[in-house]
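Indexing begins at 1, ligand by ligand and atom by atom, following the structure's order. Bear in mind that the values here come from a model prediction, so they are computed numbers and not experimental data.
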Amino acid sequence: MEFTARQNEIITMVRACEPITGDDIAQKLGLSRSTIRNDLSLLVMTEVLGARPKVGYYYRKAKSVMSLQTLENLSVRDMMSVPVVMDEETSIYDVIVGIFIENVSSVFISKDGFLSGVVSRKDLLRVAIGKLDLQTTPIGMCMTRMPNLVTIGGDDSVLLAAQKINAHKIDALPVVEVTPDGLKVIGRFTKTNITRIFADLASGEF
Ligand code: ADP
């Protein structure tokens, strides 16, 4: 649900100063009590705020949302990041440059537009201290390939994505769409996404 700027201001204020009376909220906003009456009613009705007679308003959302159910209901599609995909023929050197420019921990590799591999920072470090010519050797020579790739679908839950990342001890999952010709990469889901979700959950974002 979208709140107005004033309602968000009230939520922030209550979180900082709870419990706080309606009169005090109005005074801090420089408004009359009757002006914010509807805002307060809506925030109580939607269970963002609680109201105790003679005590005042308090924040309740964060306490009620932090559940496993939330993680099962959130889909990867809604929380994923933009993927960085490069062709198998790209040189190892160009992939290393790409990882810096795009500021990512892994790059997904494609062949004819379909997912064929994943390359991580350590894969690149390993090959960089070896004897291969980085300028001319294609990335296809040092990536983890299909069928060993762990992937996730856009409609899968973020809980399943976190379980896969943990079980396989990897940093990132390509989010894929299955087509008759192969896997199309539509996103990137990483440990960073999970960290962000936890931080947002704790501050009552969902
Ligand atoms: P790093 O190697 O930088 O610690 P990761 O833990 O993500 O990063 O990668 C560990 C190994 O697993 C690497 O060899 C990498 O190619 C491979 N890998 C990374 N992501 C996947 C994935 N989604 N599916 C299969 N293998 C992966």
Side-chain angles (χ1 to χ4, degrees), residues 66-203 205-206:
M66 188 74 170
S67 72
L68 197 60
Q69 196 62 42
T70 314
L71 291 180
E72 280 181 319
N73 292 342
L74 274 180
S75 66
V76 165
R77 188 187 305 281
D78 293 333
M79 307 310 299
M80 68 190 187
S81 303
V82 177
V84 177
V85 185
M86 294 185 176
D87 189 86
E88 266 195 40
E89 295 305 317
T90 313
S91 72
I92 295 170
Y93 182 91
D94 284 345
V95 175
I96 293 175
V97 172
I99 229 165
F100 278 102
I101 292 176
E102 306 284 351
N103 195 21
V104 286
S105 60
S106 1
V107 173
F108 305 138
I109 308 300
S110 66
K111 183 168 189 225
D112 302 326
F114 297 103
L115 180 68
S116 63
V118 173
V119 66
S120 72
R121 280 184 294 209
K122 263 188 234 145
D123 292 333
L124 293 170
L125 268 180
R126 193 177 306 116
V127 76
I129 58 171
K131 292 203 160 48
L132 287 178
D133 180 350
L134 304 183
Q135 305 268 2
T136 57
T137 312
I139 194 67
M141 296 291 291
C142 69
M143 66 189 192
T144 302
R145 283 189 168 275
M146 283 294 217
N148 297 325
L149 298 188
V150 185
T151 63
I152 191 89
D155 295 330
D156 287 329
S157 71
V158 301
L159 179 60
L160 180 63
Q163 286 166 337
K164 283 190 168 191
I165 284 176
N166 250 359
H168 296 275
K169 299 189 171 58
I170 49 180
D171 290 349
L173 297 172
V175 185
V176 296
E177 208 171 86
V178 182
T179 77
D181 299 320
L183 299 177
K184 271 253 166 246
V185 180
I186 58 167
R188 173 169 68 94
F189 192 83
T190 68
K191 285 180 175 172
T192 306
N193 294 105
I194 297 170
T195 312
R196 193 173 303 135
I197 291 166
F198 266 86
D200 287 351
L201 273 173
S203 58
E205 278 291 314
F206 299 113

To the nearest 0.5 angstrom, please state how far the OG atom of Ser105 sits from the CZ atom of Arg121.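 Between atom OG of Ser105 and atom CZ of Arg121 there are 5.0 Å.
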
Measuring from atom OG of Ser110 to atom CD of Glu88, what distance do you get when rounded to the nearest 0.5 angstrom?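 Taking OG in Ser110 and CD in Glu88, the distance rounds to 8.0 Å.
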
Any non-hydrogen side-chain atom of [X] less than 4.5 Å from a side-chain atom of [Y]?
X: Thr179; Y: Phe114; result: yes
X: Arg188; Y: Ser106; result: no
X: Val178; Y: Leu183; result: yes
X: Asp171; Y: Thr190; result: no
X: Cys142; Y: Ile92; result: yes

N or O pair under 3.5 Å between Ser106 and ligand 1: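 It does not: no N or O of Ser106 is found under 3.5 Å from an N or O of ligand 1.
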
With a cut-off of 4.0 Å, which atoms of ligand 1 are near a heavy atom of [X]?
X: Asn148; value: 25 (C)
X: Thr144; value: 14 (O), 15 (C), 16 (O), 17 (C), 26 (N)
X: Val118; value: 16 (O), 19 (C), 20 (N), 21 (C)
X: Pro174; value: 23 (N)
X: Ala172; value: 20 (N), 22 (C), 23 (N)

How far is [atom] from the closest protein heavy atom, and which atom is that?
atom: atom 7 (O) of ligand 1; value: Asp171 N, 2.9 Å
atom: atom 24 (N) of ligand 1; value: Val150 N, 2.9 Å
atom: atom 27 (C) of ligand 1; value: Ile170 CG2, 3.7 Å
atom: atom 8 (O) of ligand 1; value: Ser120 CB, 3.3 Å
atom: atom 15 (C) of ligand 1; value: Asp123 OD2, 3.2 Å
atom: atom 3 (O) of ligand 1; value: Lys122 N, 3.1 Å

Give a yes or no on whether the backbone of Gly153 and the side-chain of Asp156 come within a donor-acceptor separation of less than 3.5 Å.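 At least one qualifying donor-acceptor pair exists.
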
Is the backbone N or O of Met79 less than 3.5 Å from a side-chain atom of Asn193, with the two atoms forming a donor-acceptor pair by type?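 Looks like yes, one N/O pair under 3.5 Å.
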
Counting heavy atoms only, which part of Thr151 comes closer than 4.0 Å to ligand 1: side chain, backbone, both or neither?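 Under 4.0 Å from ligand 1, Thr151 contributes no heavy atoms.
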
Of the listed options Arg126, Met146, Lys169, closest to atom 6 (O) of ligand 1 (non-hydrogen atoms):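 Ranked by closest heavy atom to atom 6 (O) of ligand 1, first place is Lys169.
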
